[in-house]
Protein chains: 2
Amino acid sequence: MLGLNLQQLEYLVAVDNYKQFTIAAEKCFVTQPTLSMQIKKAEEQLDIVIFDRTKQPILTTPVGEKIIAQARVVINEYNRMEEIVREESGRIEGSLTIGIIPSLAPYLLPLFVGHFKKNNPLVNISFKEMITEDLVKALKQDLLDAAILVTPLEEKDIIEQALFYEDVLIYAHPQHSLHQVKSLKVDNLTSSGLWLLDEGHCFRSQVLNLCELQANVSADLPLHFESGSLDTIRKMVDAEGGYTLLPALAAQELVFDLHKQVKEFEIPVPLREVSLVYSRAFYKRLLLERLSVSIKASVPEEMLHKDRGHVVEWK
Amino acid sequence: MLGLNLQQLEYLVAVDNYKQFTIAAEKCFVTQPTLSMQIKKAEEQLDIVIFDRTKQPILTTPVGEKIIAQARVVINEYNRMEEIVREESGRIEGSLTIGIIPSLAPYLLPLFVGHFKKNNPLVNISFKEMITEDLVKALKQDLLDAAILVTPLEEKDIIEQALFYEDVLIYAHPQHSLHQVKSLKVDNLTSSGLWLLDEGHCFRSQVLNLCELQANVSADLPLHFESGSLDTIRKMVDAEGGYTLLPALAAQELVFDLHKQVKEFEIPVPLREVSLVYSRAFYKRLLLERLSVSIKASVPEEMLHKDRGHVVEWK
DNA sequence: TATATTGCATCGATAAAATCTATAATAGTT
DNA sequence: AACTATTATAGATTTTATCGATGCAATATA
């Protein structure tokens with residue numbers, strides 16, 4: 001035996017995650033000296049330097065990176081033992097921490113959480129809203145069990161499992177030119193009057209992709225304003241004119257009056273592929289399968305197929 | 001955290017391996033009560049029964065099997081950390097425990113151990129001679145790092161890496177009919193006068209396969225005698241007449257006089273594929289690669305190719 | 001230049017645990 | 001019924017992780 005124990009591995013991973021002994025100690029629910037001692041012992045036992053403490057924030061050495069990557073593997077495999085017991089018991093219980101992007105959270109969550117809770121009463125599910133980049137980071141640090149976001153990501157070590165295909169719609173002010181067009185095609189889109197989400201939001205990238213515009217289009221916009229919320233954007237269209245694009249679930253919940261401003265594209269419609277993604281192939285797969293089932297059962301049936309349109313890339 | 005520690009996982013694996021608390025405790029270098037207590041704690045913490053102690057030898061429950069399989073994974077991933085450090089250091093050191101079949105051990109080992117020791121002085125290599133079936137069992141229990149044996153095995157979770165292809169030759173008493181035949185083909189072989197290794201030896205199976213005989217041919221043999229040693233078999237041929245088949249490395253070391261009794265087959269000659277096999281894809285791969293290099297450098301060059309013959313199956 | 005501030009390391013005491021030795025309980029055998 | 005083999009239990013001992021207090025070094029602030 002090497003001499004390291006699982007606790008020490010957790011400490012190593014924590015320090016690597018938070019790049020600070022004090023914070024890492026807090027997250028591990030121990031005092032800083034305790035963590036310092038164990039890290040030191042680990043380094044002595046392996047006879048390598050894992051963290052360069054002369055730098056601030058702390059730097060993980062190259063060997064350290066490899067060791068910590070392996071430590072993550074060990075911890076994950078270890079945690080799987082718990083699931084094996086649970087799976088064997090046949091009871092669906094445990095906890096799930098799921099990340100979700102802002103352009104889905106307010107519209108998708110209300111749809112399926114009820115269904116999931118009802119069918120899996122013993123599962124403690126919680127959600128964290130973040131943009132894709134942060135979700136991927138959190139997944140790789142094992143801070144999330146899975147995330148619901150728009151794919152394809154083309155991220156190494158991230159597994160994608162498509163959930164549904166959401167139509168991209170147009171929300172145009174009654175006086176905007178697009179409001180009059182009969183049969184809408186992607187080519188009809190212009191930068192004139194277009195409202196956009198903040199940088200970092202994948203839906204912003206998709207919109208820009210669709211309009212074949214450069215990332216920096218703010219010059220063409222009527223007003224230099226960006227928001228993290230689709231609802232805010234939509235309200236700006238109502239108040240100030242112009243138009244924006246809306247994912248179907250965001251459009252779906254609009255009251256009748258507002259719904260008049262929603263226009264569909266002609267077939268093939270642009271779609272965004274919404275997926276459940278995770279980094280650990282076997283971890284909590286039973287619970288994640290239940291989650292997947294709940295989501296698919298809760299979105300409109302036609303969204304489960306993609307043959308009516310084409311998936312919009314965004315990376 | 002689950003509460004189990006790595007020590008407990010080792011204990012679980014040990015009990016599963018030896019099916020006896022007392023023996024398992026010995027192998028773990030602790031007293032039996034220590035091991036009993038930890039196993040009990042593990043079962044309590046997971047809230048499952050892992051071992052059925054009412055049976056003798058102890059029976060691992062179905063859940064227990066799964067937990068222990070996962071425990072093996074955790075331990076292996078854990079042990080890999082040590083290697084990562086070593087690989088990083090660039091020094092070739094550590095230990096290797098290699099299994100090898102009896103029909104290879106006395107002829108192959110002397111060929112390459114010198115080469116290996118000279119090129120890897122810091123590696124502590126040891127060998128265990130066993131028949132294939134036991135080698136596979138030991139590999140799956142992680143009691144061996146790798147084994148040198150005759151493939152293909154068609155065993156799940158066992159990885160084969162071909163080392164060389166050894167000719168199968170004939171060793172016939174001067175008065176035996178085969179001794180006179182000019183051009184020897186496999187079809188010439190008969191059961192008459194054939195001497196065989198014990199059951200369980202893969203070379204026995206290969207010989208029987210080649211001769212297209214049933215497993216139970218002893219009735220046709222001049223004398224009902226089986227041995228675990230090729231040398232003994234060969235000496236019986238000398239003393240009592242008849243013939244046997246010899247792998248090339250066993251024939252190679254014969255003194256000039258005896259070598260006259262060795263006959264080669266015509267091309268395509270029957271070959272046995274000798275491989276380095278292991279169960280853990282990443283474990284000690286650097287050392288095993290060095291081992292592989294040493295072996296390939298030590299056997300006659302022509303054995304590295306198989307185009308002169310056909311590989312004899314034996315399973 | 002003096003002085004907080006931040007962040008990690010060290011020290012001694014304490015509490016938790018794993019382990020040991022000795023012994024008991026249990027089941028199967030002769 | 002005695003014997004043997006095997007696991008479980010009890011109490012003592014040792015090892016270990018943890019904590020709180022403190023020290024020390026680097027950096028930022030006055």
Side-chain angles (χ1 to χ4, degrees), chain A residues 1-61 63-64 67-68 71 74-75 78 81, chain B residues 1-61 63-64 67-68 71 74-75 78 81:
Chain A
M1 283 280 263
L2 254 153
L4 295 194
N5 59 37
L6 286 165
Q7 198 71 59
Q8 287 172 308
L9 300 191
E10 303 241 12
Y11 293 161
L12 290 177
V13 169
V15 172
D16 185 60
N17 279 349
Y18 300 104
K19 305 291 180 195
Q20 225 183 288
F21 278 58
T22 323
I23 308 288
E26 251 174 56
K27 300 285 180 180
C28 293
F29 306 106
V30 293
T31 57
Q32 169 264 314
T34 300
L35 182 125
S36 282
M37 283 292 261
Q38 295 305 337
I39 298 282
K40 191 182 155 195
K41 271 183 57 184
E43 290 182 316
E44 277 170 5
Q45 251 145 1
L46 294 176
D47 197 26
I48 54 172
V49 178
I50 298 177
F51 299 111
D52 181 353
R53 298 139 167 94
T54 66
K55 303 281 186 302
Q56 198 57 236
I58 273 176
L59 218 73
T60 308
T61 64
V63 215
I67 284 295
I68 288 166
V74 174
I75 291 169
Y78 173 77
M81 297 186 66
Chain B
M1 283 279 265
L2 253 152
L4 295 193
N5 58 37
L6 286 165
Q7 199 69 56
Q8 287 172 307
L9 300 192
E10 302 240 11
Y11 292 161
L12 289 177
V13 169
V15 173
D16 185 61
N17 278 350
Y18 300 104
K19 306 289 180 197
Q20 226 183 287
F21 278 60
T22 322
I23 309 289
E26 251 174 56
K27 300 285 179 179
C28 293
F29 305 105
V30 293
T31 57
Q32 168 266 314
T34 300
L35 182 126
S36 282
M37 284 290 258
Q38 296 301 4
I39 297 284
K40 193 180 154 196
K41 271 183 57 183
E43 290 182 316
E44 278 169 5
Q45 253 146 357
L46 296 176
D47 196 27
I48 54 172
V49 178
I50 298 176
F51 299 112
D52 181 353
R53 298 138 166 95
T54 66
K55 302 283 185 299
Q56 197 59 234
I58 274 177
L59 217 73
T60 309
T61 63
V63 214
I67 284 294
I68 288 166
V74 174
I75 292 167
Y78 173 78
M81 297 185 66

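Computed from a prediction, not measured in an experiment: that's the story for all the values here. We name chains A, B, ... by the order of the sequence lines, and we start the count at 1 in each one.
- Nearer the 5' end of DNA chain D, as judged by each residue's closest nucleotide, is the contact made by N5(A), out of T54(A) and N5(A).
- When the side-chain nitrogen and oxygen atoms of Q7(A) are compared with OP1 and OP2 of dA17(D), none of them lie within a distance under 4.0 Å.
- In this entry the distance linking CD of Q45(B) with C1' of dA18(C) reads 13 Å, nearest Å.
- Listed by chain and number, the residues in a side chain to side chain donor-acceptor pair (under 3.5 Å) with K41(A) amount to none (sequence neighbours excluded).
- Considering only heavy atoms from C-beta on, N5(B) stays 4.5 Å or farther from Q7(A) through its side chain.
- Here the C1' atom of nucleotide dA27(C) and the CD1 atom of I58(B) are 13 Å apart, to the nearest Å.
- Following rounding to the nearest Å, I39(B) (CD1) and dT9(D) (P) show an atom-to-atom distance of 14 Å.
- In this structure, E43(A) places its CD atom 12 Å from C1' of dA9(C), rounding to the nearest Å.
- Remark: P of dT18(D) and CD of E10(A) are 11 Å apart, rounded to the nearest angstrom.
- dT26(C) atom P lies 17 Å from atom CG of D52(B), rounded to whole Å.
- A close approach under 4.0 Å does not occur between any side-chain nitrogen or oxygen of K41(B) and OP1 or OP2 of dA17(C).
- L4(A) and Q45(A) make their closest contact through CD2-OE1, 3.6 Å (heavy atoms, listed as atom of the first residue, atom of the second, distance).
- Contact check, Y11(A) against dT18(D): a side-chain N or O comes under 4.0 Å of OP1 or OP2.
- A side chain to side chain contact (heavy atoms under 4.5 Å, CB included) with I68(B) is found for exactly one of N17(B), V15(B), I50(B), namely I50(B).
- Contact check of residues 25-37 of chain B against DNA chain C (heavy atom, cut-off under 4.0 Å) returns F29(B), V30(B), T31(B), P33(B), T34(B).
- Note: CG (L6(B)) to P (dA17(C)) measures 17 Å, nearest angstrom.
- Tested against Y11(B), the residues K27(B), Q38(B), M37(B) include a single side chain to side chain contact (heavy atoms under 4.5 Å, CB included) partner, Q38(B).
- The side chain of R53(A) places an N or O atom within less than 4.0 Å of a non-bridging phosphate oxygen (OP1 or OP2) of dA9(C).
- For Q38(A) and dC8(C), the CD to P distance is 16 Å, given to the nearest whole Å.
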**Q.** Trace of the side-chain contact (heavy atoms from CB on, under 4.5 Å) decision for K19(A) with D16(A)
**A.** CA-CA 5 Å; K19(A) 305 291 180 195; D16(A) 185 60; 3.1 Å; yes

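- Taking 4.0 angstrom as the limit, K40(B) places a side-chain polar atom (N or O) nearer than this to OP1 or OP2 of dT9(D).
- A distance of 8.0 Å separates CD1 of I39(B) from CD of Q8(B), quoted to the nearest 0.5 Å.
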